[in-house]
Engineer: 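I am attaching a structure below and will ask some questions about it afterwards.
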Amino acid sequence: MNQLHPWPTSVAEAEAVQDRLRGQVELTGPDTFALVAGLDVHYHGDDEVTAAVVVLDAVTLEPVEQVVAHGKAAFPYVPGLFAFRELPALVEALERLTVTPDLLVCDGYGLAHPRGFGLACHLGVLTGLPSVGVGKTPFVGTHEPPGRERGAWTPIVHEGAVVGRALRTRRGVRPVYVSQGHRISLGTATGEVLRLAARYRLPEPIRHADHLARHPS
DNA sequence: GCGACAG
DNA sequence: ATCTTGTCGC
């Protein structure tokens, strides 16, 4: 049993769910994590989805456990309501884990969202786990381009508030867009994403999950 | 008013 | 997200 019911059947209902759960987001939390999980979803055919979760040892970055769950996209694609497509399959995959990760690294946004409640916030609140959102393209707000050195960042400002950071994880590559999901500070979120993305543009856990979702074993 | 808009 | 080859660069 999980916290997904009742499931919204309209845009208005989905927005109401976000507005209700938004108040549960916590913007402070632990600053070190022993097990970090990457989450991603692959789409096939007519709205079929494969969700993948890969848990890594935070120090060695070696995989500890991996799970896939298949299903149907649970909502039409509407910008701002993207999470409702993937949430059921991702939650199912998380429930099949035999270990509990200390941080969820999500493929999408957290606080940097039209209503301040993106996929990373939603997954964090449902599980109670710290979470961070990593976007590959800008979504809401405005920001200056960060310097081109690894680790350079600039704030993302939306409606007068800082909701995330554009972060250069590697010299000369496009930035990634980091925002808080749940139970994490923006500084810790930025530091973890940077640490986990030492070798490639995207954090290692997301790369593992992306690979697993595309090639389920 | 119109277009753009995470994956 | 996905439909899609080769090519340039580190």
Side-chain angles (χ1 to χ4, degrees), chain A residues 8 11 14-15 17-19 21-22 25 37-54 68-94 104-126 131-143 148-150 156-159 163-182 186 189 193 197-203 205-216:
Chain A
V11 165
E15 290 177 342
V17 170
Q18 292 181 330
D19 291 339
L21 295 181
R22 181 174 45 197
V25 168
L39 297 83
D40 193 25
V41 172
H42 179 67
Y43 289 76
H44 354 235
D46 186 33
D47 269 1
E48 296 191 39
V49 298
T50 299
V53 180
V54 179
V68 297
H70 302 283
K72 284 257 179 190
F75 206 80
Y77 175 69
V78 180
L81 301 179
F82 162 68
F84 291 93
R85 289 176 74 65
E86 308 191 336
L87 229 25
L90 285 170
V91 168
E92 161 114 34
L94 285 168
L104 305 180
V105 183
C106 307
D107 183 12
Y109 279 93
L111 211 62
H113 172 276
R115 275 171 303 284
F117 196 76
L119 173 68
C121 299
H122 211 140
L123 278 166
V125 166
L126 288 183
S131 63
V132 53
V134 181
K136 297 185 283 292
T137 61
F139 186 30
V140 296
T142 60
H143 62 90
R148 79 189 283 288
E149 298 307 305
R150 166 171 159 84
I156 300 171
V157 177
H158 180 57
E159 294 175 348
V163 296
R165 289 176 181 171
L167 172 68
R168 194 85 66 185
T169 54
R170 305 257 310 159
R171 162 189 276 211
V173 302
R174 282 176 297 142
V176 299
Y177 303 88
V178 178
S179 58
Q180 290 152 281
H182 183 52
L186 183 52
V193 170
R199 192 145 164 61
Y200 300 98
R201 176 185 177 232
L202 292 176
I206 288 185
R207 291 174 47 83
H208 281 253
D210 178 83
H211 183 89
L212 179 60
R214 288 176 196 267
H215 311 105

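Chain A is the first sequence line, chain B the second, and so forth, proteins listed ahead of strands; every chain is numbered from 1. What you see is a predicted model, and the numbers here were worked out from it, not measured in a lab.
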Engineer: Counting the atoms with a prime plus P, OP1 and OP2 as sugar-phosphate, which does G80(A) contact under 4.0 Å by heavy atoms, base, sugar-phosphate, or nothing?
Structural biologist: base
Engineer: Looking only at non-hydrogen atoms, find the nearest pair between F75(A) and A14(A) and report the distance.
Structural biologist: CZ-CB, 3.9 Å
Engineer: Do you know the tightest heavy-atom contact between A89(A) and A69(A)?
Structural biologist: O-CB, 3.7 Å
Engineer: Mind checking which nucleotides bracket the chain A contacts on DNA chain B, 5' to 3', with an atom under 4.0 Å from a heavy atom?
Structural biologist: dC5(B) to dG7(B)
Engineer: Can you tell me how far apart CZ (R201(A)) and CZ (R170(A)) are? Round to the nearest 0.5 Å.
Structural biologist: 12.0 Å
Engineer: R168(A) and V173(A): which non-hydrogen atoms are nearest, and at how many Å?
Structural biologist: NH1-O, 2.6 Å
Engineer: Taking R22(A) first and then D19(A), would you say they form a salt bridge - that is, a charged N and a carboxylate O separated by under 4.0 Å?
Structural biologist: yes
Engineer: Select base, sugar-phosphate, or nothing to describe what Y177(A) touches, counting heavy atoms under 4.0 Å on all strands.
Structural biologist: nothing
Engineer: NE2 of H42(A) to CD of E48(A): how many Å apart, nearest 0.5 Å?
Structural biologist: 10.5 Å
Engineer: Is L81(A) touching bases, backbone alone, or none of the nucleic acid, heavy atoms closer than 4.0 Å?
Structural biologist: base
Engineer: Where does the angle between the aromatic ring planes of Y77(A) and F82(A) fall among parallel (under 30°), tilted (30 to 60°) and perpendicular (over 60°)?
Structural biologist: perpendicular
Engineer: What's H42(A) touching, base or sugar-phosphate or nothing? Going by heavy atoms closer than 4.0 Å.
Structural biologist: sugar-phosphate
Engineer: Pairs counted only when both distances fall under 3.5 Å, Watson-Crick or G-U: show me the 5' to 3' dot-bracket for DNA chain B, [ ] for pseudoknotted crossings and | for other-strand partners.
Structural biologist: .......
Engineer: Return no unless some side-chain N or O of R214(A) is found under 4.0 Å from OP1 or OP2 of dT2(C).
Structural biologist: yes
Engineer: Crowded around R115(A) CZ? As in, over 12 foreign heavy atoms under 6.0 Å?
Structural biologist: yes
